[in-house]
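Written out below as structure tokens is the structure these notes cover.
Each ligand, and each atom within it, is numbered from 1 in the order the structure gives. None of these values were measured; they are calculated from a predicted model.
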Amino acid sequence: MKEIVEVAVGLPVFKTFHYRIPEKMKDSLRVGMRVLVPFKGRKVTGFSIDLLDHPPKDVEKKLLEVEDLLDEAPLVAPSMLRFYRWISDYYLYPLGEVIKTGLPPGLHLKSELVLSLTEKGISSLKEGALDALQEKVFKEIGRCGRVPLKKILKYFPGEVSKSQLFSWRRKGLLNIESGVEGKEIKPKFERVVQYQGGEPTRRVSKKQAEILSWLKEKGELSYSELCKRFKSPSESFRSLQDQGLVSFFRREVCRDLSVRSELKPYPKPELTSDQETILGEILTGIRSKNFSPFLIYGVTGSGKTEIYLRAIEDVLAQGREAIILVPEISLTPQLLSRFKDRFEDNLALLHSGLGQGERYDQWRRIWKGEVKIAMGARSAVFAPFKNVGIIIVDEEHDPSYKQEEKLKYHARDVAVVRAKLAEATLLLGSATPSLESFYNAEKGKFRLLNLPERIEGKPLPRVEVVDVRKEEGLLSEKLRAALKKNIEDKKQSLLFLNRRGFSNFILCPDCGFTFKCPNCSVTLTHHLKDRSLQCHYCDYRIPAPGDCPKCQGHRLQGMGIGTERLEQEIKLLYPETKVERMDHDTTSRRRSHLQILKRLESGSIDILVGTQMIVKGHDFPNVTFVGVVSADTSLHFPDFRSSERTFQLLTQVAGRAGRGVALGEVVIQTYNPDHYSVLRAKEHDYVGFYQEEIQFRTALEYPPFSRLINFRLAGTSEKKTKGLAGEMGKIGQYLLKKGYEKGIEILGPSIAPFAKMRGKFRWQMLAKGKSPQLLHQFAKDLASAMEGRMKGAGVTLDIDVDPVFVL
Ligand SMILES: [Zn+2]
Ligand SMILES: [Zn+2]
């Protein structure tokens, strides 16, 4: 019998802890279950990760007992635990928090302090023996019975402090205990009524006879349906139940999730010979039951989706499961709709756009083995299947696969590892593969599969580049002419501009004043519709002012153009056309995005203006013109991947044109007409772009020729953050001398590209090295040396491992 459980708590601590297993849990506690354990005077949720016969020697004496067992069956299978351990180690993130990331939200409990009055407190209140403040606070506590300490501090801000409350406890007036906070998400049940057969033993009323014959016909149905049909049926029903003619039971139901395909059905097509060849290779991989990684490099419109669908059909036939990752699921209704057409209800969806209960139910359907396919954004890579046969990462180059907060994992890289651990097939697909993936394919780590042509030999669109340094106004003559012709031909157009709002910032020409965000080092964007200035990073907003707050001048000017202004100008230029806009501001309501795409599909939009939202894999045959209003937004971003990102965006947006019978046309406006990102996108020349970019990466020893880890300090005090950055630099140099000098190079510390973000000052230091083992060891040593120094300074250290392949 196991005596001890090792627990990873869901808190930012790297260590795991041991607890004694109480007698009553010895039969039921297994690895992968959640437990409630005492931790530093609180109760927290943890995950059982190992069971032991004896306590480890050094901790034997002070072991506490597990407080409660939260699950009846393990939530985390042993194979998933292995995967989570790898992630924890690679991204230098606590195991308990990694497991938490992989579970649906709402499964995590933690304790908090709860106040109640003692006998003495109650009598003192009655006798009027308290001071005014005590009386006020005690009345409130008395009214609630038990109330969280946090809530009382919030009710009486500035009036009562935590230490005061504790001093009242010392006087015996208050109880302060730890209780469990929050409401745990649980499965949803409904009452079901069932016909049991047999003959009535008593005389039945007319209503009872009706209920009985209806149920006989239906067999079973939910109680709520019964109530809809018969007015207050409970009494009649109870009598039938007493006679054993009908019965009640509880059934778990799935919280409603409308994933019905709402777009036009898509019949199963014949495969082209290119598709046949590629699918053949993939099927060989699937049937080998070994880890088989592929990179499908296929131009936009070349039919990757059909290959995904057929590969999944084969995996299901083998009795295994499938995961498909897409960049942002709400942005790809067409793909979802094709999956629904093919696989119907054998599909669960996982993404952050769902409500907590819905997300939990979808996760549970996978966990219980009710569905065999999971589709979703990056977190779907954690789908709790036990026998995954294929993982597909569509648009594998997309930056949204990287999670930028908390656990900073890259879903594509993590997918590679999961497929390897599960001996599954891996399909990465893109028209513009990431440099790392294509490099891996060149090196033979991935098998490269080419889809060089569009379906039915449709040509790629013709692209023209316009040098806007020689133009006046927002739209060049070429762009306007092309747009006008497209309108006359009754075709649809997309206009792409990767900046939302009306103007980028507001400037006073008299004194040079601009409006900056007080929390972030960026200017505020002007939004005309709600007459406000907004920060796109922290959501700070103020009403748009009439005069300059510095010199009281009246000539405030909007500078730079966003999608809101572009939409307005297009409407003025072409008043007869139907113009709509798709960006963060017009799609904040649930499903509004789908509504816009449906209007585009049905032809009730002529011109759609939008940000990168319009770039995603939509396929509308009547869209024949795409205008890129400015290609430069992403080009000057302070990131070594800015050229790659620009090339990808331009190629993807251009690929939206000419998916139907008519030839597509694209006009790209830019200040950098000679930049290789722009020129190669014009030629649809991915390989050419890759060859130029890879030279730049070699020369500077950037990934894939090295690996990077960024150490970022962020704190509310500018001085302390800067001071700690200095110390981090010294520790870094010290470690180099202690044995890392040969394999690691340090850049910085320096002020981060956005010096202030969401109220925090930021400094960073980069470590670069060729050996991942050495670099990770260095990172661990640095982090543990910093830990003690940061205590109490209100500064956090974020470690960001650059997405690189781990094989
Ligand atoms: Zn001014
Ligand atoms: Zn801000």
- Note on the structure: Taking the Zn ion (ligand 2) as the apex, SG on Cys538 and SG on Cys535 give an angle, to 10°, of 110°

- Message: Does this structure show an ion pair linking Glu97 with Lys406, if we count only N-O contacts that are shorter than 4.0 Å?
- Response: no

- Message: Tell me whether the rings of Phe754 and Tyr537 are parallel (<30°), tilted (30 to 60°) or perpendicular (>60°).
- Response: tilted

- Task: May I have the angle between Cys551 SG and Cys511 SG with its vertex at the Zn ion (ligand 1), rounded to 10°?
- Result: 110°

- Rounded to 10 degrees, what angle sits at the Zn ion (ligand 1) between Cys548 SG and Cys508 SG? 110°

- Query: Given SG of Cys517 on one side and SG of Cys520 on the other, what angle do they make at the Zn ion (ligand 2), to 10°?
  - Reply: 110°

- Item | Ion pair Lys408/Asp798, N-O distance below 4.0 Å | yes

- Task: Would you mind checking if Asp639 and Arg641 are paired as a salt bridge, meaning a charged N to carboxylate O distance below 4.0 Å?
- Result: no

